[in-house]
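Down below is the structure, laid out as structure tokens.
Since this is a predicted model, take the numbers as computed values, not measurements. Here is the naming used below: chain letters follow the sequence lines, and residue numbers restart at 1 for every chain.
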Amino acid sequence: MKKRLERMVGEALAACMEKGTLAAAELPAVEIELTKDAAHGDYATNAAMMLASRLKMNPRRIAEALIAELADPGGVVARTEIAGPGFINFFIREGFWATLLEAVEREGAGYGRLDFGAGKRVQVEFVSANPTGPLHIGHARGAVVGDAVAAVLAACGYAVEREYYINDAGNQMHNLGRSVLARCRELDGGDAPFPENGYQGEYIRELAREVLAREGRRCLDEAEGEAIPRLTDHAGGVILDGIKDDLKAFGIVFDRYFSERTLYENDGVAKLLAALEAQGFIYREDGTLWFRTTAFGDEKDRVVIRQNGEPTYFAADIAYHKNKFERGFDTVIDVWGADHHGYIPRMHAGVQALGYPKEALRVILVQLVNLLRDGKPVAMSTRSGEFVTLRQVVDEVGRDAARYNFLMRRSDSHLDFDLEVAKRQSNDNPVYYVQYAHARICGILKTAAEKGVAVPAYGQAALERLTLPEEAALIKTLIRLPEVIEGAARNLEPHRLTFYLNELAGLFHSYYNKNKVVSEDGDLTGARLFLVRAVQTVLANVLGLLGVSAPERM
RNA sequence: GCGCCCAUAGCUCAGCUGGAUAGAGCACCAGACUACGAAUCUGGGGGCCGCAGGUUCGAAUCCUGCUGGGCGCACCA
């Protein structure tokens, strides 16, 4: 609808310039927006005011010229008016709105899907936690945001892949192996000191018990140089399997798990650095290798090979992103914790040095979650192993409530997550508000069916009977869905969908309380059933994008 | 000290890339089930959009400075 009006205004402008009523000028971009106030019509454009300064003309005069050339072959616009400083307000013909519901019926579960992605390949990389322990609540938010962004992009016609980067090459993994070994010795009765940066969670002890039961004293007898790498691999594998299970229970499935270690195979990282050095992006100083990230706006150059000869995480990350682009992704999206924001200029520098545009890498920052129980903070300490796991949250509050809660705010704003509120099945909890609307509609349709009333097909429904303002508001909200999805996709902001759902559910609940859907009036009943089923379709489609169920009963 | 993010109702937050009278939920107060599901709805109070300037037809939104909070500033990941 919006696009239709945009086109009309654009064409009117072209006609004006051709006829000379308006001097030639470039129109920045026709902007049409829904009005907040019904007195301003249904849509409005500020085109005339945008043009005023360029053409040095009174905006109202420009508006008059535009309206004179406005062609409306479909007869959609009932009338226009010029208001305020130069807005053009469009009043849509009454009864036209309902015709747009045809698309909801025709497209059904696919309503809201778009194709502007045009099959371009996008990778979303998220979670990517070291397999040194189970996922905790802090990972959950990034997991849901990444998953929802991927789903929204897929709905817009992008070919999306979800990827998890396994940091299995660094010190953290080494610490994991040392921690397991230390617990093995402890269980054996030794009093070996626990490593300083070790992982103290109970799960390490369980791993140690399992290792001892399976292979006896082997890890205790062999040299540390043998035992630690072996225990690291084993523990990492077991923990990663657990992570995959937890994610699956949370409704998240990755297309690929990418191991950092594979980047080092065949000297991959070293060769890449050599190539970059040949291009002048890398130099040697003080026995280390430096990446000239300042050439791309970073505040200082960054080390890629340390004095001890070990590559930094950044070195591997450049290689990883090179790998991503070589796999043919047009755009790569990284979901990071907000505490890594300082890393962005560096990574953008890396991408540009590799020869790709800065925009090819987009980073979503996800703020930390403040975990509460009944308003009181829950202590979280990764080091000590005292933390609430993702699994516990899913078990306690449920997958739907957990996912919805993490999507209710912009990802870069702080989020309080209260376990008690999230699991309470009450009006404190928006997920149930939305799901209830869906379940309610299912109930209505069931009641109607029991009375032998079927939902009519589009051509048979007397949609002209939908004359109430609430009905118009519902219809307008339904047909806005594509815009909302497009906005969420372009801005990588899935929270827009939860706000949209709350709005739609609110309109429906209000409508429901005021008006009877199934009545004695056959035509009206049919029209309302048609409308209500469209609401059901949209609720289900959007909930589906967010990975939240749309229950028929609650 | 330098950089990034944030500051909107009592609380938690939206505000569609500059639009018309700034919104929602919670909390508080008063109401609505003999009707398709009350996990719902209706009404009400509540605001210097942190402060001060600037840009223009027009600013919560863009620019500068200040105040206050978060986070970065590794040869950690």
In dot-bracket form, 5' to 3', how is RNA chain B paired? Count Watson-Crick and G-U wobble pairs only if both distances fall under 3.5 Å, and write | where the partner sits on another strand.
(((((.(..((((.....[...)))).(((((.......))))).....(((((..]....)))))).)))))....

Does A:T312 make a side-chain N or O approach to OP1 or OP2 of B:A77 shorter than 4.0 Å?
no

Pull out every protein N or O sitting under 3.5 Å from an N or O of nucleotides 12-17 of chain B, one pair per line with the distance.
unit_1	atom_1	unit_2	atom_2	d
B:U12	O2'	A:R409	NE	3.4
B:U12	O2'	A:R409	NH2	2.4
B:C13	OP1	A:H414	O	2.9
B:C13	O5'	A:R409	NE	3.3
B:A14	OP1	A:R410	N	3.0
B:A14	OP1	A:S413	OG	3.2
B:G15	OP1	A:H495	NE2	3.3
B:G15	OP2	A:R410	NH1	3.4
B:U17	O4	A:N491	OD1	3.2

P spacing across the pair B:A60 / B:U21, given as an integer number of angstrom:
10 Å

Which listed nucleotide (B:U40, B:C75, B:C36) is nearest to the side chain of A:W290?
B:C75

Among B:C73, B:C36, B:C57, the nucleotide that comes nearest once only the side chain of A:I444 is considered
B:C36

If every non-hydrogen atom of A:A540 is compared with every non-hydrogen atom of A:H438, which pair is closest and at what distance?
CB-NE2, 3.8 Å

Separation of A:E470 atom CD from B:C41 atom P, in whole Å?
14 Å

Just the rounded figure in Å: distance from C1' of B:U40 to CE of A:M554.
12 Å

With a non-hydrogen cut-off below 4.0 angstrom, is A:N502 in contact with a base, only sugar-phosphate, or nothing?
nothing

Tell me the closest heavy-atom pair linking A:I485 and A:G112, and the distance in Å.
CD1-O, 3.3 Å

With respect to the side chain of A:N513, which nucleotide from B:A20, B:G37, B:U40 is positioned closest?
B:U40

Syn versus anti for B:C57, judged by chi lying within 90° of 0?
anti

For the pair made of NE2 in A:H341 and C1' in B:G72, what is the distance, rounded to whole Å?
4 Å

Using the side-chain heavy atoms of A:K516, tell me which of these nucleotides is nearest: B:A35, B:C75, B:A77.
B:A35

Within the modelled atom types, does a donor on one side and an acceptor on the other bring the side chain of A:H509 and the base of B:C41 under 3.5 Å apart?
no

B:C75 and B:A9, which share atom name P, separated by this distance in whole Å:
41 Å

Please measure how far the P atom in B:U55 lies from the corresponding atom in B:C11, and state the result in whole Å.
34 Å

Kindly say if A:Y512 contacts the phosphate of B:A38, meaning a side-chain N or O under 4.0 Å from OP1 or OP2.
yes

Tell me if B:U61 is syn or anti. Syn = glycosidic torsion within 90° of 0, anti otherwise.
anti

Take atom OH of A:Y436 and atom C1' of B:G37, then tell me their distance rounded to the nearest Å.
4 Å

Between A:R528 and A:E471, is there a side-chain N and carboxylate O pair less than 4.0 Å apart?
yes

Taking atom P of B:C5 as reference, at what distance in whole Å does atom CG of A:D339 sit?
16 Å

Could you walk me through whether A:I475 and A:L100 pass side-chain contact (heavy atoms from CB on, under 4.5 Å), step by step?
CA-CA 8 Å; A:I475 294 169; A:L100 296 169; 5.5 Å; no

Between A:K324 and A:E163, is there a salt bridge with N-O shorter than 4.0 Å?
no

A:D298 CG to B:G72 P: how many Å, rounded?
17 Å

Measure the distance from CD on A:E503 to C1' on B:U40 and round it to the nearest whole Å.
18 Å

Is the A:F296 to A:F291 ring centre distance short of 6.0 Å?
no

Nearest-angstrom distance from the residue atom NE2 of A:H40 to P of B:G19:
15 Å

Would A:K476 and A:D42 pass as an ion pair if we require N to O under 4.0 Å?
yes

With heavy atoms under 4.0 Å as the rule, sort A:A52 into base, sugar-phosphate or nothing.
nothing

Does A:D233 come within less than 4.0 Å of A:R261, counting only side-chain N to carboxylate O?
yes

Got a donor-acceptor pair under 3.5 Å from the side chain of A:N89 to the base of B:A20?
yes

